[in-house]
Amino acid sequence: MTLLQMLGQSLVSTLRDVIPLSLIIAFFQLVILRRPLVNAPRLAWGAVFVVVGLSLFLMGLELALFPLGEEMAAQLFKLQEDKQDAIAAPIVNTGHANSDLIPAGVWGYYWTYVFAFAIGVSTTIAEPALIAVALKAEEVSGGTIRGVGLRLAVALGVGIGVSLGTFRIVLGWPLPYFILIGYMVVTVQTYFAPKQIVPLAYDSGGVTTSTVTVPLVAALGLGLATLVPGRDPIVDGFGLIAFASLFPMITVMGYAQLAELKLRRRDQKNSQ
Amino acid sequence: MNASTLKSFAASILLALWSSLRDLLPIVLVVAVFQLFVFQQPLQNLGQLLIGLSLVVIGLALFVSGLQMGLFTLGEGMAHDFARKGSVLWLLLFAFALGFGTTFAEPALIAIADKAASLKFSGMELNTGAEEKRFSIALRSTVALSVGVALAVGVVRILKGWPIQYFIIGGYICVMLVTPFAPGSIIGIAYDAGGVTTSTITVPLTAALGVGLASSIQGRNPLIDGFGLIALASLSPILFVLAFGILWP
């Protein structure tokens with residue numbers, strides 16, 4: 001397929017996404033609100049930029065990032081497979097009563113955990129929906145919440161989440177335990193975190209599961225569940241996304257708590 | 001366009017390109033480090049990779065510029081107009097329509113629903129193509145309905161100033177309670193459905209709508225009350241799809 005054909009396809013699919021949205025907005029703006037759009041030409045240019053930009057972005061993902069992710073995951077699994085004879089046996093034996101809680105073989109997959117963390121962090125930084133929310137948050141807070149800081153906190157959360165998620169796949173523990181404990185942490189943090197960060201932290205959980213991160217992370221999970229002996233791709237392969245949307249809530253609230261703590265320390269110093 | 005606006009336009013495009021280049025830098029670093037030091041292998045198709053990455057950078061720059069020129073202003077403008085009109089019913093209808101309409105047409109959701117329908121679930125065998133089609137449409141309607149309801153509820157929350165944590169923590173407790181009763185095969189789909197609903201175009205618009213509403217109502221804080229719509233829209237599909245799995249004949 002030529003590049004132009006790809007671009008055409010990408011544009012059509014983005015437009016299909018945008019048309020229902022435009023119809024709803026046009027109906028409410030013109031029929032219900034009966035107000036002309038303020039600065040319509042600028043809005044129209046903005047809309048064109050959004051559609052063309054998103055189409056190019058998605059096309060670039062198809063051309064570069066997704067094949068790259070697949071290639072790297074394949075290389076990673078090849079690397080792990082070469083070492084597998086040494087590490088596979090202890091993992092399969094977890095059923096024995098006298099086996100350790102966390103079998104030693106699990107640590108043999110350390111490159112997988114590192115890779116999962118790196119992929120989670122780096123793709124989240126390039127996530128367009130998160131950039132949008134961070135821009136809005138910085139604007140609304142008058143700069144007290146820094147967009148870059150928020151995005152880094154979310155990225156760290158996704159990295160930890162995906163890394164822990166791959167660890168769970170290798171370990172074979174049930175997903176609900178982790179999720180349940182995660183939400184308990186979120187609940188406790190909610191009571192202690194600064195009030196104005198809580199809604200934003202919750203939103204960042206939903207935002208991360210978007211265009212760039214999901215396909216790359218899902219492929220990693222399925223591939224890993226196929227590689228590790230005794231794991232079922234259908235049962236164990238899923239769940240990485242759930243981790244990726246849970247941990248940003250924890251890190252974003254944590255980031256705000258740290259910032260508040262630092263501020264309080266400085267105030268105490270100044271008042272002394 | 002005269003010369004000075006053209007110049008400032010060019011400057012803003014360059015700035016946008018620069019910042020999206022910076023956004024992509026972590027990915028390039030991760031790839032380079034792993035290829036050079038861990039895998040110690042060259043990459044295939046380097047040319048296609050470079051073209052793709054440049055498209056990602058240009059696309060991201062255009063998208064972010066477009067957001068600031070259009071989508072944000074539009075969302076906030078509509079929120080202000082609704083607040084001035086003072087009709088809560090129309091506002092709720094708008095929020096519902098926005099959630100339902102954008103989700104029902106979402107390509108990622110269509111893909112998931114079709115795939116779910118083509119798999120044979122234990123206890124919900126779909127024998128004919130017509131039944132598969134019906135299942136897929138029903139599932140999509142369920143998710144779209146859940147997002148519409150979530151946005152409408154979220155707007156009521158903003159109007160009333162209720163804290164978001166009651167909704168989110170309460171919602172996840174419900175998810176935990178309902179999960180054991182749902183057929184095993186639907187659980188994965190339910191948890192995934194929450195992620196696909198927040199598409200890249202809907203997110204900025206929803207955020208702008210929430211913030212715009214909160215800032216045009218007296219006594220509401222745009223940070224505390226304005227955010228939270230996206231969180232609701234990614235929680236409610238899980239609950240609705242679990243219920244769908246229990247109720248589907």
Side-chain angles (χ1 to χ4, degrees), chain A residues 13 17-18 20-21 24 28 32-33 35 38 42-43 45-47 49-50 52-54 56-57 59-61 63-64 68 71-72 75 79 111 118 121-123 125-126 128-129 131-133 136 140-141 180 183 187 190 195-196 198-200 202-203 205-207 209-211 214 238 241-242 245, chain B residues 23-24 26-27 30-31 34 38-39 41 44 48-49 51-53 55-56 58-60 62-67 69-71 73-74 77 81 85 90 94 97-98 101-102 105 107 164-165 168-169 172 176 188 191-192 195 198-201 203-204 207 211 222-224 226-228 230-231 234:
Chain A
S13 76
D17 210 7
V18 171
L21 183 69
I24 292 166
F28 276 89
I32 309 299
L33 291 170
R35 295 180 77 88
V38 183
R42 198 176 143 85
L43 275 182
W45 275 114
F49 276 22
V50 164
V52 174
L54 200 58
L56 288 176
F57 184 79
M59 189 181 155
L61 289 185
L63 269 176
L68 187 65
E71 198 184 328
M72 288 180 77
Q75 287 175 353
L79 183 87
W111 274 124
V121 171
S122 60
T123 54
I125 294 289
I131 297 178
V133 168
K136 202 80 230 166
V140 166
S141 70
L180 199 66
Y183 277 108
T187 309
T190 301
K195 227 168 87 188
Q196 62 272 28
V198 171
L200 207 54
Y202 289 176
D203 269 2
V207 167
T209 48
S210 203
T211 356
V214 170
F238 291 102
I241 306 294
S245 36
Chain B
D23 293 335
L24 210 66
I27 295 184
V30 167
V31 174
F34 269 86
V38 183
F39 305 143
Q41 263 172 34
Q44 288 158 6
Q48 183 188 332
L49 217 78
I51 296 175
L53 287 181
L55 287 177
V56 167
I58 297 169
L60 199 58
L62 278 176
F63 176 78
V64 174
S65 318
L67 276 189
M69 285 169 69
L71 231 47
T73 338
L74 186 68
D81 287 348
K85 192 178 165 67
W90 280 120
F94 174 66
L98 194 68
T102 54
I164 182 77
Q165 51 265 40
I168 300 299
I169 294 174
Y172 277 108
M176 294 290 165
Y191 282 68
D192 271 3
T198 44
S199 88
T200 311
I201 291 182
V203 163
V211 166
L223 259 186
I224 296 175
F227 288 98
I230 300 161
S234 21

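Every chain is numbered from 1 and lettered A, B, ... according to where its sequence line falls, protein lines coming before strand lines.
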Looking only at heavy atoms, which two atoms of [X] and [Y] are closest? And how far apart?
| X | Y | result |
| --- | --- | --- |
| Ala64(A) | Leu53(B) | CB-N, 3.7 Å |
| Ile224(B) | Lys195(A) | CD1-CE, 4.0 Å |
| Pro199(A) | Leu223(B) | CG-O, 3.8 Å |
| Leu55(B) | Gly60(A) | CB-CA, 3.9 Å |
| Val50(A) | Gly66(B) | CG2-C, 3.5 Å |
| Val211(B) | Val140(A) | CG1-CG2, 3.3 Å |

Atom pair [atom1] ([X]) and [atom2] ([Y]), whose distance is rounded to the nearest 0.5 Å:
| X | Y | atom1 | atom2 | value |
| --- | --- | --- | --- | --- |
| Ile169(B) | Thr190(A) | CD1 | OG1 | 4.0 Å |
| Leu98(B) | Phe28(A) | CG | CZ | 9.0 Å |
| Leu21(A) | Leu71(B) | CG | CG | 7.0 Å |
| Tyr183(A) | Tyr172(B) | OH | OH | 3.5 Å |

Heavy-atom distances under 4.5 Å only: say whether [X] touches chain B with side chain, backbone, both or neither.
| X | answer |
| --- | --- |
| Tyr202(A) | both |
| Val121(A) | neither |
| Ser245(A) | neither |
| Pro20(A) | side chain |
| Gln75(A) | both |
| Ile131(A) | side chain |

Between chain A and each of [options], count heavy-atom pairs under 4.5 Å; write down the option with the most.
| options | value |
| --- | --- |
| Ile164(B), Ile27(B), Ile168(B), Ile201(B) | Ile27(B) |
| Leu67(B), Val38(B), Thr73(B) | Val38(B) |
| Asp81(B), Val203(B), Leu74(B), Ile58(B) | Asp81(B) |
| Leu24(B), Val30(B), Ile51(B) | Val30(B) |

As an exercise: rank Ala47(A), Ala126(A), Ser13(A) by heavy-atom pairs under 4.5 Å with chain B and give me the winner.
Ala126(A)
Chain B contacts, top residue of Val207(A), Leu54(A), Leu61(A) (heavy-atom pairs, under 4.5 Å):
Leu54(A)
Audit row: Leu33(A), Trp90(B), side chain to side chain contact (heavy atoms under 4.5 Å, CB included) steps and yes/no
CA-CA 9 Å; Leu33(A) 291 170; Trp90(B) 280 120; over 6 Å; no
Go through it in stages, so that I can follow the logic: the residues are Ile32(A) and Lys85(B), the test is side chain to side chain contact (heavy atoms under 4.5 Å, CB included), and I'd like the CA-CA distance, side-chain angles, deciding distance and then a yes or no.
CA-CA 9 Å; Ile32(A) 309 299; Lys85(B) 192 178 165 67; 3.9 Å; yes
Side chain to side chain, Phe49(A) and Val64(B), heavy atoms closer than 4.5 Å:
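No, side chains not in contact.
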Can you classify the ring geometry of Trp111(A) versus Phe34(B) as parallel (below 30°), tilted (30 to 60°) or perpendicular (above 60°)?
perpendicular
Verify, without hydrogens or angle tests, whether Gln165(B) (side chain) and Thr187(A) (backbone) share a donor-acceptor contact under 3.5 angstrom.
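Such a contact is absent between Gln165(B) side chain and Thr187(A) backbone.
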